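The next block holds one structure in the form of structure tokens; read it before the comments.
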Amino acid sequence: MPHLLLTIFAGHADVTVPGLTTAACRVPIRFDPQALRLEAFLPATDPVCRALVDERRSVAIHLCNVVLGDPAATVQLRAQELRLYRNNPLSAWPEWSGLTDCELEPEARETRRLELAPSAQQLEFIADDELSRAHPFQVYFGGALAGLRAPLPLERTADTPAVSFCCNHPQSGVLCAFGEEDFFSLEPRIHAAWMLIHGRRLAPVLQIQGRKIGFFGHTACRKPSYLPLLDGWGSALPDSVMRGFVYMERDRFSKAYRALKYFLDGKQADASLEARYMLLMNCVEAMDGVWQLTESTTAALLGVSDAAAFLFNGMRNKLVHGHGSYAQAFAALGKDKLDSRQPQMEPELAGCIQEQQLDFVQLWFRLCERLDAFWCAYLGVPADMVQDRYSPVTLMPAVDLPALDRVIKQCQNTGNNSDKESPEMEELRRQILKLKQKNDDLKEKLKEQGQAYARLKSELGSND
């Protein structure tokens, strides 16, 4: 049979509308998994149809006792209840368009098509039988690049089941992970690895867990990914990335997964370059291990000089604090500060500033390249393999993650020392408050003396 994603299912369901006492039973329905759309075909004379014909709102509609099958009758899907909403305009119905029965085709005179969609981008069914005895657990993601190879299979360990991967199945741009055992505890890690490899967010398309089937819809992504982690089929890098995420400890992965989303949006979001730059710097701030950006931690995380870190952090700070464009932010950094630091920057970054003008596109590209290098270090990718990365700008050296750990510890120790000084600072503040109170008391006494002097002077004047 064709793959589930490529199959149009047909069957029947009971149609109910919340608030109405009537229901239409065993209504013919059709389901398109990729569009995530259900169609119900109601008799024109049905009470439900009559109730909906004058309803202009996109009302909630429930399908109950849903039964669907493929054309070859090899798969049958069921759902107790699906909560949907009307998706097609009823202006398509003859009653709205003003057509009479004599102007319609015979089928259109008798039937009204009701298009339905879920409010959440997901529909779940239960299959009568497992779809695959060999691989009862499968997950699919869409929006992938068609030219990248899949990672090699993960072998079974004491903590993880075996998982295999393939690209462009069942069609171009779709990734699949599958296995004999339930590997869905690893699904977020597999998803993260694939997104980093492809340099973009990838949407879930289909999940199969034994007899439980979840559809998410699939729309081919027309926008290319310009900044994948690698390019082509001949690299071992995807294997290392996948294993780095899968075997990462839980807390470390939880922190990384949130920051990874900032990074991917910084590469691909449909937003201005300034907004994408700030998203990339959000990733830096989420992963640098300190409460606020510092030159030392940014330099260690990105594997750049302190002078380059000053430029990265400074542009981010100026953009956040009211300088809307990169030109305004660059001007606000100050010519003197930049001139004193520019000779200390690496040639790859010093070249972003020419004749006192910032090439912001190149700076953004460089930040993407440096964060790719950081993620490789965070995942434990060997330094020589890091040089297999794809980048539109020249690759700089791998990031030294232990150096970042050392800088973070230094910052934390400095913070601890500052905390030890806080009792002295608190005592100083108490002394200042006491002096202020004394000063206020003296002012009040001086005011009273002034008033007494004024009264005395007035009395002496009246005696004269």
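Values in this document were obtained by computation on a predicted structure and should not be read as measured data.
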Would [X] and [Y] count as having a side-chain donor-acceptor pair, cut-off 3.5 Å?
{"X": "Ser254", "Y": "Arg258", "result": "yes"}
{"X": "Gln171", "Y": "His218", "result": "yes"}
{"X": "Glu274", "Y": "Gln328", "result": "no"}
{"X": "Arg389", "Y": "Gln387", "result": "no"}
{"X": "Glu346", "Y": "Ser305", "result": "yes"}

| query | For the side-chain contact (heavy atoms from CB on, under 4.5 Å) test, which of Val290, Leu311, Val284, Asp306 pairs with Thr298? | reply |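 Output: one option passes, namely Val284.
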Does a sphere of radius 6.0 Å around [atom1] in [X] hold more than 12 heavy atoms from other residues, nucleotides or ligands, not counting ones at 6.0 Å or beyond?
{"X": "Tyr85", "atom1": "OH", "result": "yes"}
{"X": "Phe137", "atom1": "CZ", "result": "yes"}
{"X": "Glu115", "atom1": "CD", "result": "yes"}

Quick one: closest heavy-atom pair of [X] and [Y], and the distance?
{"X": "Cys49", "Y": "Pro43", "value": "CB-O, 3.6 Å"}
{"X": "Met281", "Y": "Phe312", "value": "CE-O, 3.9 Å"}
{"X": "Val27", "Y": "Ala40", "value": "CG1-CB, 4.1 Å"}
{"X": "Met396", "Y": "Val304", "value": "CE-CG1, 4.1 Å"}
{"X": "Leu404", "Y": "Asp288", "value": "CD1-O, 4.4 Å"}
{"X": "Gln34", "Y": "Leu6", "value": "NE2-CD2, 3.4 Å"}

Could you tell me whether the side chain of [Y] reaches within less than 4.5 Å of the side chain of [X], counting heavy atoms only?
{"X": "Leu4", "Y": "Ile208", "value": "yes"}
{"X": "Leu227", "Y": "Arg200", "value": "no"}
{"X": "Cys64", "Y": "Gln80", "value": "no"}
{"X": "Pro238", "Y": "Leu148", "value": "no"}
{"X": "Asp251", "Y": "Lys255", "value": "no"}
{"X": "Leu154", "Y": "Arg243", "value": "yes"}
{"X": "Thr111", "Y": "Leu42", "value": "no"}
{"X": "Leu206", "Y": "Ile213", "value": "yes"}

| Aromatic Phe41 / basic Arg30 pairing, under 6.0 angstrom, 45° off normal | no
Over 60° means perpendicular and under 30° means parallel, so tell me whether [X] and [Y] are parallel, tilted or perpendicular.
{"X": "Phe31", "Y": "Phe125", "answer": "tilted"}
{"X": "Tyr378", "Y": "Phe374", "answer": "tilted"}
{"X": "Phe263", "Y": "Trp375", "answer": "tilted"}
{"X": "Phe360", "Y": "Tyr277", "answer": "tilted"}

Distance, nearest 0.5 Å, that separates [atom1] of [X] from [atom2] of [Y]:
{"X": "Leu175", "Y": "Asn168", "atom1": "CG", "atom2": "CG", "result": "7.5 Å"}
{"X": "Arg370", "Y": "Leu363", "atom1": "CZ", "atom2": "CG", "result": "13.0 Å"}
{"X": "Leu131", "Y": "Leu77", "atom1": "CG", "atom2": "CG", "result": "7.5 Å"}
{"X": "Thr16", "Y": "Glu81", "atom1": "OG1", "atom2": "CD", "result": "6.5 Å"}
{"X": "Leu264", "Y": "Leu202", "atom1": "CG", "atom2": "CG", "result": "8.0 Å"}
{"X": "Gln138", "Y": "Cys176", "atom1": "CD", "atom2": "SG", "result": "5.5 Å"}

For the pair [X] (side chain) and [Y] (backbone), establish whether a donor and an acceptor sit closer than 3.5 Å, ignoring hydrogens and angles.
{"X": "His62", "Y": "Arg83", "result": "no"}
{"X": "Ser391", "Y": "Val393", "result": "yes"}
{"X": "Thr7", "Y": "His3", "result": "yes"}
{"X": "Asp265", "Y": "Ala269", "result": "no"}
{"X": "Asp70", "Y": "Val75", "result": "yes"}

| request: Apply salt bridge (Lys or Arg N to Asp or Glu O under 4.0 Å) to the pair Arg276 and Asp270, showing each step before the final yes or no. | output: CA-CA 9 Å; Arg276 281 185 279 168; Asp270 187 12; over 6 Å; no
| query | Does the side-chain hydrogen bond (donor to acceptor under 3.5 Å, both in side chains) test come out yes or no for Glu187 and Gln209, once each step is laid out? | reply | CA-CA 12 Å; Glu187 184 271 338; Gln209 297 172 269; over 6 Å; no
| field | From CA spacing to verdict: salt bridge (Lys or Arg N to Asp or Glu O under 4.0 Å), Arg211, Asp129 | value | CA-CA 6 Å; Arg211 293 172 51 218; Asp129 297 300; over 6 Å; no
| field | Verdict with reasoning, Asp14 to Arg26, per salt bridge (Lys or Arg N to Asp or Glu O under 4.0 Å) | value | CA-CA 5 Å; Asp14 301 337; Arg26 293 184 67 85; over 6 Å; no
| task | Tell me, with the steps shown, if Leu371 and Cys283 meet side-chain contact (heavy atoms from CB on, under 4.5 Å). | result | CA-CA 9 Å; Leu371 279 169; Cys283 175; 4.1 Å; yes
| message | Working note: Asp372 + Val386, criterion side-chain contact (heavy atoms from CB on, under 4.5 Å); need CA distance, chi angles, decisive distance, verdict. | response | CA-CA 9 Å; Asp372 273 335; Val386 174; over 6 Å; no
| Are Glu249 and Arg252 close enough for a salt bridge, meaning some N to O gap below 4.0 Å? |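 Looking at Arg252 together with Glu249, the answer is no, because their closest N to O distance does not fall below 4.0 Å.
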| Check against side-chain contact (heavy atoms from CB on, under 4.5 Å), Val163 and Ile190 | CA-CA 10 Å; Val163 188; Ile190 292 170; 4.1 Å; yes
| Option among Phe141, Phe165, Phe245 that satisfies the ring-ring contact (aromatic ring centres under 6.0 Å, His included) test with His191 |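 Single ring-ring contact (aromatic ring centres under 6.0 Å, His included) partner of His191 among Phe141, Phe165, Phe245: Phe141.
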| message | Set out, in order, the CA-CA distance, both residues' side-chain angles and the distance that settles ring-ring contact (aromatic ring centres under 6.0 Å, His included) for Phe253 and Tyr257, then state yes or no. | response | CA-CA 6 Å; Phe253 172 74; Tyr257 193 53; 5.4 Å; yes
| Please walk me through it: do Tyr262 and Met287 pass side-chain contact (heavy atoms from CB on, under 4.5 Å)? | CA-CA 11 Å; Tyr262 287 129; Met287 298 300 292; over 6 Å; no
| request: Show your working on salt bridge (Lys or Arg N to Asp or Glu O under 4.0 Å) between Asp239 and Arg149 and close with a plain yes or no. | output: CA-CA 10 Å; Asp239 304 333; Arg149 78 166 181 84; 2.9 Å; yes
